[in-house]
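Here is the structure we will look at, set down as structure tokens.
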Protein chains: 2
Amino acid sequence: MEKQEDKLAELLVQNGLKRTLPRLKVLDILSKRDSATSQPFLEKVMGSDADRVTLYRILQTFEEKGIIHKVLDGQGTANYALCTTGCSQHEHHDEHLHFNCRNCQRVYCLDAVRIPRIKTPPGFSVENISLTAVGLCSYCSDNKSE
Amino acid sequence: MEKQEDKLAELLVQNGLKRTLPRLKVLDILSKRDSATSQPFLEKVMGSDADRVTLYRILQTFEEKGIIHKVLDGQGTANYALCTTGCSQHEHHDEHLHFNCRNCQRVYCLDAVRIPRIKTPPGFSVENISLTAVGLCSYCSDNKSE
DNA sequence: TTAAGTGCAAAATCTTTGCAAATGT
DNA sequence: ACATTTGCAAAGATTTTGCACTTAA
């Protein structure tokens with residue numbers, strides 16, 4: 001059976017990207033999280049494994065290639081998550097509910113909740129749509145008494 | 001019949017805010033637009049009628065009082081729109097589709113399109129939800145040939 | 001070997017903070 | 001007169017750009 005690590009490296013090769021340490025580490029971090037990860041958090045976890053500027057560039061490249069996608073949380077901070085299969089450089093499929101916890105700031109991709117089809121007024125052509133909820137996630141509602 | 005101008009000034013008084021020139025101008029600008037207005041745009045239009053810092057503070061105060069609400073566009077830039085009646089310091093009602101034109105960057109509040117009720121997975125309690133579409137608005141699709 | 005990728009320094013933005021002067025009531 | 005609000009200066013934070021050095025293929 002193929003190792004997870006190899007799958008991630010393969011993602012790079014498939015997209016014509018070199019297999020570098022900073023890139024592999026970003027993929028490793030993202031693959032182990034159950035929610036989208038913010039730029040600041042990534043920066044912290046990367047530590048000295050990548051310069052801040054390098055991280056910006058990696059995230060940008062990955063997004064362009066369709067390896068990750070960006071979700072903005074309630075404060076407008078960028079959060080990143082690995083794309084599911086079906087995303088490519090030209091087409092992102094990310095049409096599910098994003099849940100942003102106001103306590104821990106995590107952004108969950110709730111694939112189970114699809115965005116309902118909506119009818120836009122004439123003249124407005126929708127190319128992309130996102131549904132984002134803000135509230136308390138399970139962990140935070142359990143561990144908080146307000 | 002009461003003048004529009006007075007209505008705006010009244011908004012300030014009702015919220016215990018002083019009727020200052022910069023504040024009136026912000027209200028005036030917002031009241032004349034059919035879409036939410038970005039911070040950068042406001043800054044430009046205000047010109048020398050308010051310092052950049054003053055604008056930040058006005059927008060923050062207005063948002064806290066429930067006079068305006070903030071909508072983030074696809075890039076995470078803050079856009080502001082006057083609240084409809086029914087918003088207060090403690091409760092914002094803004095649950096309609098926001099349409100962000102990728103060409104002119106305008107953010108339209110499409111009150112006609114309400115956010116469908118959705119069922120969140122157990123453990124996630126939703127306090128606020130937003131639906132944002134990105135695409136081309138009527139003006140831009142008419143005036144562009146791509 | 002050599003194109004792609006990284007790290008560092010520095011610029012450009014964007015946002016916040018502190019405080020004295022100005023303003024509305 | 002007095003609490004609010006503003007403007008300016010300066011600090012912080014975030015993001016971008018340029019370029020020489022390093023590294024994967």
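The chains referred to below are lettered A, B, ... by the order of the sequence lines, with proteins before strands, and numbering in each begins at 1. Keep in mind it's a predicted model, so treat the numbers as computed, not measured.
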* Asked: Step by step, would you call Leu97(B) with Thr120(A) a side-chain contact (heavy atoms from CB on, under 4.5 Å)?
  -> CA-CA 9 Å; Leu97(B) 175 64; Thr120(A) 27; 3.7 Å; yes

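- Applying the side chain to side chain donor-acceptor pair (under 3.5 Å) rule to Arg57(B) yields no partners; only residues at least two apart in sequence or on another chain are considered.
- Considering only residues two or more places apart in sequence or on other chains, Asp51(A) meets the salt bridge (charged side-chain N to carboxylate O under 4.0 Å, His left out) condition with none of them.
- As a whole-Å value, the separation of Gln39(B) CD from dT16(C) P is 9 Å.
- Within the helix from dT1(C)-dA25(D) to dT25(C)-dA1(D), the inter-axis angle between the opening and closing five-pair segments is 30°, rounded to 10°.
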Below 3.5 Å between N/O atoms, which protein atoms pair up with nucleotides 20-25 of chain C? Just atom names and distances, please.
{"from": "dG24(C)", "atom 1": "N3", "to": "Lys18(B)", "atom 2": "NZ", "distance (Å)": "3.4"}
{"from": "dT25(C)", "atom 1": "OP1", "to": "Arg19(B)", "atom 2": "N", "distance (Å)": "3.2"}

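- Remark: C1' of dG5(C) and CD1 of Ile58(A) are 9 Å apart, rounded to the nearest angstrom.
- Residue pairs meeting the ring-ring contact (aromatic ring centres under 6.0 Å, His included) criterion with at least one partner in residues 114-134 of chain A, sequence neighbours excluded, are Phe124(A)-Phe99(B), Phe124(A)-Tyr108(B).
- Against DNA chain C, the stretch residues 73-81 of chain B makes no heavy-atom approach under 4.0 Å.
- Residue Val107(B) belongs to a hydrophobic cluster whose other members are Val71(B), with links defined by side-chain heavy atoms closer than 4.5 Å.
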* To do: Run the numbers on His98(A) and Leu131(A) for side-chain contact (heavy atoms from CB on, under 4.5 Å), then give the verdict.
  => CA-CA 6 Å; His98(A) 288 124; Leu131(A) 181 64; over 6 Å; no

* Asked: Passes side-chain contact (heavy atoms from CB on, under 4.5 Å), Leu27(B) versus Leu82(B)? Steps please.
  -> CA-CA 8 Å; Leu27(B) 289 179; Leu82(B) 284 181; 3.9 Å; yes

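- Counting to the nearest Å, the P atom of dA4(C) and the NZ atom of Lys65(A) are 10 Å from each other.
- For Thr37(B), the side chain to side chain donor-acceptor pair (under 3.5 Å) partners are Arg33(B), not counting sequence neighbours.
- Rounded to an integer number of Å, the gap from Arg23(B) CZ to dG7(D) P is 11 Å.
- In this structure, Glu43(B) places its CD atom 9 Å from P of dT15(C), rounding to the nearest Å.
- Under the side chain to side chain donor-acceptor pair (under 3.5 Å) criterion, Lys32(A) pairs with Asp28(A), not counting sequence neighbours.
- Counting to the nearest Å, the C1' atom of dT6(D) and the CG atom of Leu12(B) are 15 Å from each other.
- Note: CD (Glu64(B)) to P (dT5(D)) measures 11 Å, nearest angstrom.
- Here Arg114(B) pairs with nothing under the salt bridge (charged side-chain N to carboxylate O under 4.0 Å, His left out) rule; sequence neighbours left out.
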* Could you go through the side-chain contact (heavy atoms from CB on, under 4.5 Å) check for Leu17(A) and Ile67(A) one step at a time? => CA-CA 11 Å; Leu17(A) 300 174; Ile67(A) 298 175; 4.0 Å; yes

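- Look at NZ on Lys25(A): it is 18 Å from P on dT23(D), rounded to the nearest Å.
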* Under 4.0 Å protein heavy-atom contact, by nucleotide of nucleotides 8-14 of chain D - B base, S sugar-phosphate only -> BB----S

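- The salt bridge (charged side-chain N to carboxylate O under 4.0 Å, His left out) search around Lys44(A) returns none, not counting sequence neighbours.
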